[in-house]
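Notes follow the structure.
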Amino acid sequence: MRFALHLFIGFCLCLPATASLAAYSRPEIVLIGVLAKRGKKECSKKWGATVEYLNKSIPEYRFLLARLTFEELPRAVAENKVQFTLSNPAMYVELEYKYGVTRIATLKNKIQGRAYTRFGGVIFTRSDRQDINGAEDLAGKRFMAVNPGSFGGWQVAWRHLQGHGIRPQRDFMPLLFGNTHDAVVYAVENGKVDAGTVRTDTLERMAREGKITLQDFKVLDQQPIDRTVFPFLRTTRLYPEWPFAKTRRTSEDLARKVAIALLAMEPESTAARNSNSMGWTIPLDYSPVHACLKALHIPPYEHLGEISLQQILARYWPWIAALFCFALFLTGLATYVLALNRRLKKTMNRLDHELLERKQIVADLNAFKQTLDQILDCVFMFDPDTLEFNYANQGALLQVGYSYGELFAMTPVDIKPEFDKKTFRRMIAPLLDNQQESMTFSTVHRHKDGHSVPVEIFLQYVQPAQRQGTFVSVVRDISQRLVELKEKEQLQARLLHTQKLESVGQLAAGIAHEINTPTQYIGTNINFLDEAFADLTALIKKFLALLTAAENSSFAPEPVHAVRDKLEEVDWEYLAEEIPEAIAQTKDGVHRVSSIVQAMKEFSHPGSKEKTAVDLNRLIETTMTVARNEWKYLAEIKTDFAENLPNVPCFSDELGQVMLNLLVNAAHGIAEKLGANPEGKKGTINLSTRRINDMVEIRITDNGIGIPEAISNNIFDPFFTTKEVGKGTGQGLAIARDVIVNKHGGTLEVESGEGKGATFILCLPL
């Protein structure tokens with residue numbers, strides 16, 4: 001049944017679009033019931049953009065957001081008031097069990113710039129607790145979880161504890177709930193409780209935010225970390241993320257359109273960013289969630305294992321029927337025979353109904369196979385033991401160029417030149433061992449004629465009940481995607497080069513002014529020294545005449561008086577005081593000009609195509625020097641650079657452009673806040689660097705106009721600007737985000753309040 005369910009969902013997603021109905025004057029209203037676990041305001045903020053995205057993608061319907069509590073959502077589904085639901089896995093399982101809702105997509109949660117479709121729980125204590133090393137050691141201890149209804153923050157850990165003989169309500173002294181993940185972590189850190197549990201990636205997130213140090217904590221029963229699949233500390237099994245599901249009465253056509261729209265959502269879209277995700281993927285298997293709730297006997301399995309009167313009757317009805325028939329035997333054999341015939345007829349009707357259902361399932365599977373043979377996406381199936389292909393649709397045959405007979409005598413290794421059987425079996429081993437549910441990777445398929453086709457492969461091991469398992473791979477040709485990606489990279493390089501040229505042009509006048517000022521007083525001092533030298537020459541000549549007279553022993557008063565008069569004329573005391581100062585000023589001016597020229601040389605130096613180790617403190621100081629004329633009349637810059645900061649591997653020219661953009665933006669924000677500023681007031685720009693674990697953080701803070709909340713989600717969008725026409729292209733922050741996040745694998749965040757300034761936080765990996 002699990003395999004058939006996967007095939008049926010894939011069939012719904014891949015069906016070609018049918019002819020659309022005639023347009024209505026008013027679109028049909030479709031309600032999406034969303035679990036507002038953090039309140040209705042936060043729910044709108046997180047999922048409102050997704051609803052707007054669906055309205056734009058499917059204009060013939062009008063989608064509306066229904067923000068519902070834990071109690072309201074099941075009631076709305078039961079009363080058929082919503083067409084779709086969006087909830088946590090535990091709530092979805094309850095709705096599926098009671099009301100037959102069906103998942104059509106699974107959320108790709110965004111963590112550190114990557115997408116994850118599964119999560120779990122982590123049970124932890126302080127690293128100095130030598131008496132707690134596993135779940136078995138928690139008996140009699142103080143324990144804290146997030147919330148009784150939190151799936152990731154309590155229920156998955158509860159199941160793990162139960163498997164190790166711990167009964168929370170009996171064994172914990174006491175069991176507490178902190179209501180937030182951060183509160184649980186702080187309670188463990190401060191010793192208020194002995195241990196706690198939170199959702200996976202919580203500890204890493206708090207460490208990145210500088211709230212905790214990971215070395216202060218110890219994970220109990222820690223599972224192996226796979227950096228490429230799920231690189232977070234965890235104790236429990238992994239469970240699928242939030243599902244998007246349709247209710248029983250929602251049409252298949254509408255569900256198909258919504259599923260296609262969600263799967264097509266771009267990771268950088270507003271809808272994805274607001275929901276802190278990278279879009280959606282095909283629906284995952286939620287049977288692990290069912291198993292968890294069954295093990296805990298919580299809704300919808302709170303009565304699992306209890307024996308009711310109805311169950312007793314169902315189990316022992318032959319004996320009860322026999323006794324009842326024996327009691328009635330004396331009253332008439334005819335009545336017994338009539339009752340027996342009635343039961344026989346009921347059984348025959350049930351068997352007929354089951355036979356019809358089986359025929360319908362076979363017909364559906366045959367229709368699905370025919371449809372699968374007609375779609376363009378490639379589908380391969382192969383045996384886990386021999387690796388030989390046992391199915392391929394028409395799209396797969398077209399991609400590799402082999403016939404059915406040729407392909408079924410081959411294995412995946414025969415069309416993947418970069419693999420041999422040993423490396424391929426090693427790669428798929430986690431799927432056979434149930435360590436992973438699926439994997440996605442890129443490789444190359446070799447066509448029969450020898451040319452290569454770049455492809456992206458989604459691979460899953462499917463094992464139906466009481467049947468041998470098989471590998472199913474969905475393959476997509478990504479040739480066009482690679483071409484578009486290359487063109488995008490070239491365009492981004494041109495944009496960065498253009499903005500760098502624009503920056504140099506805009507700064508040229510200010511740099512010229514910075515050089516002109518010391519040059520002027522160097523010239524003035526040289527003129528002064530020239531005149532002083534002429535005076536000193538005349539004075540020296542008088543002294544020489546006096547020296548000659550002394551040598552000839554003719555001390556006439558005239559040479560002495562001439563020396564005295566010349567000494568007063570040139571004002572020797574003034575020259576003795578001013579000449580050293582003029583020389584010092586001239587040396588300082590030369591040093592300033594040299595510093596500006598060196599800074600421009602470093603800033604304009606063409607960057608390398610490879611990352612090089614860069615001194616970030618030096619790079620920031622160079623940017624300050626180049627942009628000095630942009631900020632010196634508006635702000636005072638205060639620096640707090642970490643000493644012994646390690647060099648960071650980066651593209652120095654691109655990172656320098658990012659720092660220039662952010663520094664100039666800070667100066668402009670202060671200028672906008674100061675206005676005309678006849679008093680000559682100045683704002684403040686703070687620049688700081690520090691190391692946080694394996695990252696280096698740069699903070700740029702100003703006390704300027706700040707960023708209005710209404711546009712805070714758009715400031716990194718390309719071509720978005722609040723400046724007047726001709727004063728801003730809207731590319732500065734978009735390029736900064738691309739350089740920091742995509743090219744360096746870091747993060748770029750902003751904290752701001754309107755009228756209170758802004759802080760841009762850059763984090764770069766070491």
Side-chain angles (χ1 to χ4, degrees), residues 112-113 203-216 231 496 500 503 591 594-596 598-628 630-632 635-667 684-703 732-733 735-751 757-766:
Q112 299 184 31
L203 293 176
E204 291 88 343
R205 170 183 59 79
M206 294 181 69
R208 289 195 308 273
E209 294 171 354
K211 297 179 178 178
I212 62 169
T213 301
L214 280 179
Q215 288 74 15
D216 295 339
L496 182 64
K500 190 169 186 178
S503 300
H591 176 71
S594 175
S595 298
I596 294 171
Q598 181 64 25
M600 278 301 297
K601 181 179 179 181
E602 292 180 6
F603 181 78
S604 303
H605 190 276
S608 171
K609 293 183 179 180
E610 301 293 334
K611 290 182 179 179
T612 57
V614 173
D615 183 346
L616 288 185
N617 293 342
R618 172 65 179 169
L619 186 144
I620 296 172
E621 290 173 347
T622 298
T623 306
M624 289 166 52
T625 301
V626 171
R628 177 179 174 81
E630 291 288 324
W631 55 262
K632 71 175 184 177
E636 298 288 344
I637 288 187
K638 298 180 180 180
T639 60
D640 181 15
F641 294 154
E643 296 181 359
N644 301 322
L645 191 69
N647 290 348
V648 178
C650 63
F651 301 105
S652 60
D653 60 328
E654 298 185 15
L655 189 58
Q657 183 64 44
V658 170
M659 295 304 304
L660 178 63
N661 290 346
L662 296 179
L663 185 58
V664 171
N665 281 352
T684 303
I685 300 175
N686 292 302
L687 298 173
S688 66
T689 60
R690 62 172 176 163
R691 178 174 180 174
I692 303 177
N693 297 328
D694 58 349
M695 305 284 284
V696 171
E697 179 190 86
I698 306 172
R699 285 180 175 258
I700 304 176
T701 303
D702 66 78
N703 59 350
L733 290 179
I735 290 176
R737 183 183 183 89
D738 178 69
V739 169
I740 299 300
V741 177
N742 297 331
K743 294 188 177 181
H744 289 84
T747 61
L748 175 58
E749 299 177 352
V750 61
E751 298 174 353
T759 298
F760 284 86
I761 306 169
L762 295 75
C763 289
L764 298 171
L766 290 172

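As the structure is a computational prediction, the values presented were derived from the model and not from experiment.
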Quick one: do the Q657 and N661 side chains pair a donor with an acceptor below 3.5 Å?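 N661 and Q657 do have a side-chain donor-acceptor pair below 3.5 Å.
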List the residues meeting side-chain hydrogen bond (donor to acceptor under 3.5 Å, both in side chains) with T701, not counting sequence neighbours, and say none if there are none.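 Checked T701 against side-chain hydrogen bond (donor to acceptor under 3.5 Å, both in side chains); matches are T759.
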N703: side-chain hydrogen bond (donor to acceptor under 3.5 Å, both in side chains) partners, not counting sequence neighbours: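 For N703 there are no side-chain hydrogen bond (donor to acceptor under 3.5 Å, both in side chains) partners, ignoring immediate neighbours.
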Counterpart residues, side-chain contact (heavy atoms from CB on, under 4.5 Å), relative to [X] (two or more places apart):
{"X": "M695", "result": "C763, P765"}
{"X": "N693", "result": "A207"}
{"X": "P646", "result": "R691, L766"}

Are the side chains of I620 and F641 in touch, meaning some heavy atoms are under 4.5 Å apart?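 Heavy-atom side-chain distance check passes, below 4.5 Å.
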Can you tell me if NZ on K638 sees more than 12 non-hydrogen neighbours from other groups inside 6.0 Å?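 Atom NZ in K638 is not crowded, with 12 or fewer foreign heavy atoms closer than 6.0 Å.
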By salt bridge (charged side-chain N to carboxylate O under 4.0 Å, His left out), which residues pair with [X], not counting sequence neighbours?
{"X": "E697", "answer": "R690, R699"}
{"X": "R205", "answer": "D182, E209"}
{"X": "E636", "answer": "K682"}

Acceptor/donor pairs from residues 744-751 side chains to any protein atom, 3.5 angstrom cut, sequence neighbours excluded:
residue: H744; atom: ND1; partner: V739; partner atom: O; Å: 2.7
residue: H744; atom: NE2; partner: F651; partner atom: N; Å: 3.0

I'd like to know whether N647 forms a side-chain contact (heavy atoms from CB on, under 4.5 Å) with V614, so could you lay out the CA-CA distance, the side-chain angles of the two residues, the decisive distance to 0.1 Å, and finally the verdict. CA-CA 5 Å; N647 290 348; V614 173; 5.9 Å; no
Can you check side-chain contact (heavy atoms from CB on, under 4.5 Å) on L616 and M659, steps first, answer last? CA-CA 10 Å; L616 288 185; M659 295 304 304; over 6 Å; no
When you look at I740 and L655, which way does the side-chain contact (heavy atoms from CB on, under 4.5 Å) test go after all the steps? CA-CA 8 Å; I740 299 300; L655 189 58; 3.6 Å; yes
